[in-house]
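Atoms within each ligand, like the ligands themselves, are counted from 1 in listed order. All heavy atoms count here, side chains included; hydrogens, waters and symmetry mates do not.
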Amino acid sequence: MSHAPKRFDFSIPVRINLYSDTQSKPTPGMKEAMLNAEVGDEQGGSDPTVWLLCDRVAALLGKEAAMFLPSGTMCNQVAIATHCRPGDEILAHEGAHIQSSEGGAPGAISGVLIKGLTGERGQFSAASLEEAIRPISRYSPPQRLVEVEQTANKGGGACWPVSALREVAEAAHRHGMAVHMDGARLMNAAVALGVPASEIVADCDTVWLDFTKGLGAPLGAVLAGTSDFIGQAWRWKQRLGGSMRQGGLNAAACVYALDHHIDRLVEDHANAASLARGMAQIPGITVETPETNLVFFDTKGTGMTAAAFAGKLRQAGVMVSVSDTWRGRACLHLDVTAPLVEEALAIMRQAV
Ligand SMILES: *Cc1c(COP(=O)(O)O)cnc(C)c1O
């Protein structure tokens with residue numbers, strides 16, 4: 001069986017792409033920043049633009065050091081490999097991206113187990129974390145790492161409140177575990193909560209930001225932590241082939257995103273809210289109230305599966321994604337303006 005992606009059907013143009021916030025195209029300003037980037041050899045430490053990006057992200061997140069990597073998945077895997085030894089256990093929400101969507105990499109690369117915790121909106125409480133912690137014994141896998149997702153993707157783009165994060169981290173640390181944040185959409189949370197990112201992640205030992213989600217860059221993610229941790233992590237970056245050459249071209253796009261694409265995330269959140277309000281009025285569709293830029297919906301009441309609904313929309317130039325039989329997701333990002341949301345709603349009403 002092939003695992004390659006199906007070739008896209010380019011014969012039907014996509015006018016409104018709600019499939020994912022990864023689908024935005026680099027803006028003219030971002031491309032110009034890339035063209036003008038000063039570059040060097042990233043893995044040799046001589047690319048000034050990559051150093052600039054790492055310094056900017058470390059400062060933004062209040063951490064000592066940071067590392068540029070090609071993707072968020074690699075940030076998670078480099079962090080897990082650096083935190084853990086084979087046989088260790090990670091505690092994470094059962095819907096976590098590391099569990100469901102990274103090809104089994106924690107097992108394949110680091111030889112670790114994941115214990116799935118339950119809780120609403122992709123979050124779990126300090127109490128349920130404590131319940132999952134076993135007494136240390138030679139029979140059970142060492143529990144090494146607690147992982148949290150901000151925002152929780154399958155949790156509907158929900159934001160972990162700062163107080164809940166603090167309680168979870170306090171419990172983890174009390175039991176000798178480290179805390180890692182998958183911050184793929186951390187800046188969406190920072191904007192939605194109105195709290196600086198550094199404050200949200202203050203109790204996390206390691207954290208990364210994706211630049212290819214709402215921030216709109218074509219490639220890249222940045223992992224941050226102590227200087228010692230990032231120093232250790234470089235061996236895994238090298239092992240996994242994540243050390244780059246003229247990475248400054250892409251780092252320049254990320255620096256541009258830090259300067260131009262954070263404050264505007266409020267627009268995505270407002271557009272998500274109006275999309276959700278409009279979809280909720282379509283007979284048979286129920287909508288989870290969005291906290292950020294992700295709108296999850298259920299098509300059961302229409303009698304149409306999420307895939308059938310998505311197929312109809314696709315024919316009309318609108319793309320959404322399918323999570324399971326009845327659940328689908330629409331993502332807002334910088335290429336989807338308020339008028340396009342209205343247009344998408346009209347097409348959705350027609351489809352139902
Ligand atoms: C997208 C995503 C990732 C993976 O990031 P990539 O840059 O696509 O590798 C990890 N975690 C969450 C929650 C995500 O949404």
Task: Heavy-atom gap M74 to ligand 1 smaller than 4.0 Å - done: no

- [ ] Could you tell me if any non-hydrogen atom of W208 lies under 4.0 Å from any atom of ligand 1?
- [x] yes

Task: Aromatic ring pairing F297/F309, orientation class (parallel under 30°, perpendicular over 60°, tilted between) - done: perpendicular

Open item on the list: Side chain or backbone, does T73 bring an N or O within less than 3.5 Å of an N or O on ligand 1?
Closed with: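 Yes - when backbone and side-chain N and O of T73 are compared with those of ligand 1, one distance drops under 3.5 Å.
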
Among all the protein's non-hydrogen atoms, which is closest to [atom], and how far away is it?
atom: atom 5 (O) of ligand 1; value: D210 OD2, 3.0 Å
atom: atom 11 (N) of ligand 1; value: D182 OD2, 2.5 Å
atom: atom 14 (C) of ligand 1; value: K213 NZ, 2.9 Å

Close-contact set for ligand 1 against [X] heavy atoms, below 4.0 Å:
X: R185; value: 15 (O)
X: E102; value: 10 (C)
X: E149; value: 13 (C)

Open item on the list: Under a 3.5 Å threshold, yes or no: a donor from one side chain and an acceptor from the other, between T206 and H180?
Closed with: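 Indeed, the side chains of T206 and H180 share at least one donor-acceptor pair under 3.5 Å.
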
Task: S227-E64 side chain donor-acceptor pair, cut-off 3.5 Å - done: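 Yes, because at least one side-chain N or O of S227 sits under 3.5 Å from a partner of the opposite role on E64.
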
Open item on the list: Using a 6.0 Å distance limit plus a 45 degree cone around the ring axis, check whether R327 lies over the aromatic ring of F296.
Closed with: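 Judged by the rule (NZ or CZ under 6.0 Å from the ring centre, within 45° of its axis), R327 counts as positioned above F296.
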
Open item on the list: With rounding to the nearest 0.5 angstrom, report the NE2 to CD distance, H97 to E147.
Closed with: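 If I round to the nearest 0.5 Å, the distance is 10.0 Å.
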
Open item on the list: Please report the interatomic distance CD(E131) to OG(S125), rounded to the nearest 0.5 Å.
Closed with: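 Taking CD in E131 and OG in S125, the distance rounds to 7.5 Å.
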
Task: Test log, rule side chain to side chain donor-acceptor pair (under 3.5 Å), inputs D210 and T212 - done: CA-CA 6 Å; D210 213 329; T212 64; 3.0 Å; yes

- [ ] Would you mind finding which of A152, G155, G72, S20 brings a heavy atom closest to atom 6 (P) of ligand 1?
- [x]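 Looking at heavy atoms only, G72 sits closest to atom 6 (P) of ligand 1.
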
